[in-house]
Number of protein chains: 2
Amino acid sequence: MNPSDADRGSLTVIGLGPGDPALLTGEATRALEEAEVLYGYGPYLARVPMREGQRRVESDNRQELERARAAWMDAAAGARVAVVSGGDPGVFGMAAAVCEALETGPESWRGIRLSITPGVTAMLALAARLGAPLGHDFCAISLSDNLKPWDVVEARLRAVASAGFVIALYNPISRHRPWQLGRALVVLGECLAPHTPVALGQAIGRHNESMEITQLAQVRPESANMSTCVIIGTAESRLLARGDLPPLLYTPRSMPSPSTERT
Amino acid sequence: MNPSDADRGSLTVIGLGPGDPALLTGEATRALEEAEVLYGYGPYLARVPMREGQRRVESDNRQELERARAAWMDAAAGARVAVVSGGDPGVFGMAAAVCEALETGPESWRGIRLSITPGVTAMLALAARLGAPLGHDFCAISLSDNLKPWDVVEARLRAVASAGFVIALYNPISRHRPWQLGRALVVLGECLAPHTPVALGQAIGRHNESMEITQLAQVRPESANMSTCVIIGTAESRLLARGDLPPLLYTPRSMPSPSTERT
C-alpha cells in the first residue's frame, strides 16, 4: 500500500431504504456518519440527520450524472464523499450513474476507493406490507423513457407479463411523463386478465405512507406519483381476506399443479 | 379493539439479509429481540445471537410449509413468534409459505397479527459489491423446479434474455438439482452473446464470501452452490478496469443511443 493512499479520498454510495429510519441497515447508518460531504437529491438528503461539520450538496433528481461527477471530483480532491440514493442504489438509483461518471472521467479517478451500501428497495418494502406478492419469479421495470425508447418498455412489459413474472414498476409517472403508466396498463391488459391483482404503494414507512390493492382493469394512473411503486400480480396471485385486518396479497411459490408442496 | 387481542400471539417474518450483521435493518434487529420463539432453517437461526428465554425451532430448508404451519400454531397459542428468512423474506423466502399456510389453515389464524420485515436480498448485496450490474430493468428467477415445471423456467429465461433484462438466478444448484444451472446457461447461450458478463457470488458479507466475474460461455456450473446468486448481464453491461482495485461490472442506465444523458 502506497503511503499516499491514506490521504486519498473515497466515495460511498449509500442506499437509504424506503424512508423509514428503521429500515436503514447498520452499514448505511455508519457510512452516513463517516462521510465528510453528502451528495444527493434534496428530499433524500432531508432524511439524513444533520451532523456538525458535514457538508451537503443538493441537486435536482434529473441531474444524476452531473451529481456523480461532482462527487468523484470531491473524492479526488481528498474528501470522504457519500452519495445518497433512495431505496437501493443499484435499483434505478445512483450506483450506475457513479460507474458511468467513472468510466467517462479522468483515468486518475479509477484509483479512488469506491464502496456501495445496499438498501431495501421500494418493491421489497411494499411487498412486505402486502404479504408476499413477489412470491416467485419477478422483475423490476422503470417506466421512464428518458433513457430508453418507449418501444423497449412495451416489448419488455409484454415479454414478462406473457411469461408469468410478477412485475414491479418503478418511476411510473411524473410531471414530464404523464401518459406512460396509462399506456403500460393498456399493454399489460392485452396480456393479463382484467382482474389480475395490482398494488400501488407510496412513501412506505414514511408518515404519508399509502397503499391500495385493486385490479388491473381498475387502476387509475392519476392515483400514482413519482414515488409510487406498482406491483402487478400474475394469474396465480390471490387476495386472502382476514376479517378486520387488511387482506394479504400473495403469489404462491408453486405453479398451478396444486399437489406439489415441497420446495 | 377486543380486550382479548392483547393476549393474542403474533407472527413476524424477518429478513436477515445476506448474512453480514451490518446489513440487517434496525426493524429486523428489534423484531429478533422481541420474539419469544424463533422458527427457521438451521444455518439462518445460527446467525441470530442467542437470547435468554427465547425458544428456537429448527427445521430443514425443504420444510417451509411445515415450518410456517408450526409457527402459526404457536402464535395461535399466544406466543410472539418470529420466522427468520435469509435475505428478504418476500424473495424466494418464507413470506409466501407463511401466507400459504394461513390460507390453508384454520379460519381463526386469520385474526392473528402478521408483520413482515423486509431485508437486503442476495442480488442487491452482490450487485453492490460488483458495481451496478442490475443498472436498469432486471428480473429474479429461481432455478428450482421443485415447485414449477422446468419448461416454465426455460420459457422465462428465454423471454427475459431476449428482452434485454439483467437476470439474477437464485437457487441455482443443489445436491438434489445438479443439472439445472448448466441447462439454464445453455438456454441463455442461445439468446445472449458468449462474452456476456456473468457474476457469481456467495455468502456475501460472511467470512467465507466469494465472488467471480466471468463470461457466459466460461461459467462452470460446478463453481456454484445452493447459496450462490448468479447475475447475468446484458449486451450493454461492461467491465471497468481499475488498476489495482477490482474491476467494476455495470449496466448503463441508458439504452444504446450514446447521446442521451438525462434521467
Side-chain angles (χ1 to χ4, degrees), chain A residues 22-27 62 64-65 88 90-91 95-97 99-100 102-103 110-111 116-121 124-125 127-128 131-132 134-142 144 146-149 152 155-156 159-160 162-165 240 242-243 248 250-255 260-263, chain B residues 21-27 62 64-65 88 90-91 95-97 99-100 102-103 110-111 116-118 120-121 124-125 127-128 131-132 134-142 144 146-149 152 155-156 159-160 162-165 240 242-243 248 250-255 260-263:
Chain A
L23 291 181
L24 215 61
T25 67
E27 184 175 284
R62 298 197 297 167
E64 296 183 337
L65 195 54
D88 178 87
V91 177
C99 291
E100 202 176 319
L102 183 65
E103 184 170 22
R110 301 201 182 194
I116 298 168
T117 296
V120 173
T121 182
L124 301 187
L134 304 179
H136 220 284
D137 302 330
F138 65 94
C139 65
I141 301 181
S142 167
S144 169
N146 290 329
L147 291 164
K148 65 187 166 192
V152 169
R156 290 183 178 174
V160 288
S162 306
F165 285 81
L240 211 54
R242 294 192 299 163
L248 295 177
Y250 91 103
T251 306
R253 303 166 301 151
S254 52
M255 291 291 294
T260 47
E261 191 189 289
R262 301 186 62 73
T263 185
Chain B
L23 291 181
L24 216 61
T25 67
E27 184 175 284
R62 297 198 298 168
E64 296 183 336
L65 195 53
D88 178 88
V91 178
C99 290
E100 202 176 320
L102 183 65
E103 184 169 23
R110 301 201 182 195
I116 298 168
T117 295
V120 173
T121 182
L124 301 187
L134 304 179
H136 220 284
D137 303 329
F138 65 93
C139 65
I141 302 181
S142 167
S144 169
N146 290 330
L147 291 164
K148 65 187 165 192
V152 169
R156 290 183 179 174
V160 287
S162 305
F165 285 83
L240 211 53
R242 294 193 299 162
L248 294 177
Y250 90 103
T251 306
R253 302 166 302 150
S254 53
M255 291 291 295
T260 47
E261 189 189 290
R262 299 188 62 74
T263 186

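In the text below, chain A, chain B and the rest are named by the order of the sequence lines, each starting its count at 1.
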Q: Please identify each residue that fulfils side chain to side chain contact (heavy atoms under 4.5 Å, CB included) with B:Ala132, with sequence neighbours left out.
A: A:Ala95, A:Ala96, A:Cys99, B:Tyr250
Q: Side chain from CB out, backbone as N, CA, C, O: work out which of these in A:Ala127 comes under 4.5 Å of a heavy atom of chain B, or both, or neither.
A: neither
Q: Under 4.5 Å, counting heavy-atom pairs only, tell me which of A:Ser142, A:Ala125, A:Gly111, A:Ala159 racks up the most with chain B.
A: A:Ser142
Q: So which residue, A:Cys139, A:Gly135, A:Ala140, ends up with the most heavy-atom pairs under 4.5 Å with chain B?
A: A:Ala140
Q: Starting at CD of B:Glu64, measure out to CG of B:Leu147 and round the result to the nearest 0.5 Å.
A: 8.0 Å
Q: For each of B:Pro21, B:Gly243, B:Gly131, tally heavy-atom pairs with chain A at distances under 4.5 Å, and name the one with the top tally.
A: B:Gly131
Q: Tell me, out of B:Gly26, B:Pro149, B:Pro252, who's got the most heavy-atom pairs with chain A below 4.5 Å.
A: B:Gly26
Q: Within this structure, what is the CD-CZ distance for the pair A:Glu103 and A:Arg110, rounded to the nearest 0.5 Å?
A: 6.0 Å
Q: Does any heavy atom of chain B fall under 4.5 Å from the side chain of A:Ser162, the backbone, both, or neither of them?
A: neither
Q: Could you have a look at A:Leu102, A:Thr251, A:Leu134 and say which one has the most heavy-atom pairs with chain B under 4.5 angstrom?
A: A:Leu102
Q: Could you measure the distance from the CG atom of B:Leu248 to the CD atom of A:Glu100? Nearest 0.5 Å is fine.
A: 13.0 Å
Q: Which bit of A:Leu24 comes within less than 4.5 Å of chain B, counting heavy atoms only: side chain, backbone, both or neither?
A: backbone
Q: Could you pull out all residues at least two apart from A:Thr25 that satisfy side chain to side chain contact (heavy atoms under 4.5 Å, CB included)?
A: A:Glu27, A:Ala28, A:Thr117, B:Leu23, B:Val120
Q: To the nearest 0.5 Å, how far apart are CG in B:Leu124 and CD1 in A:Ile116?
A: 12.0 Å
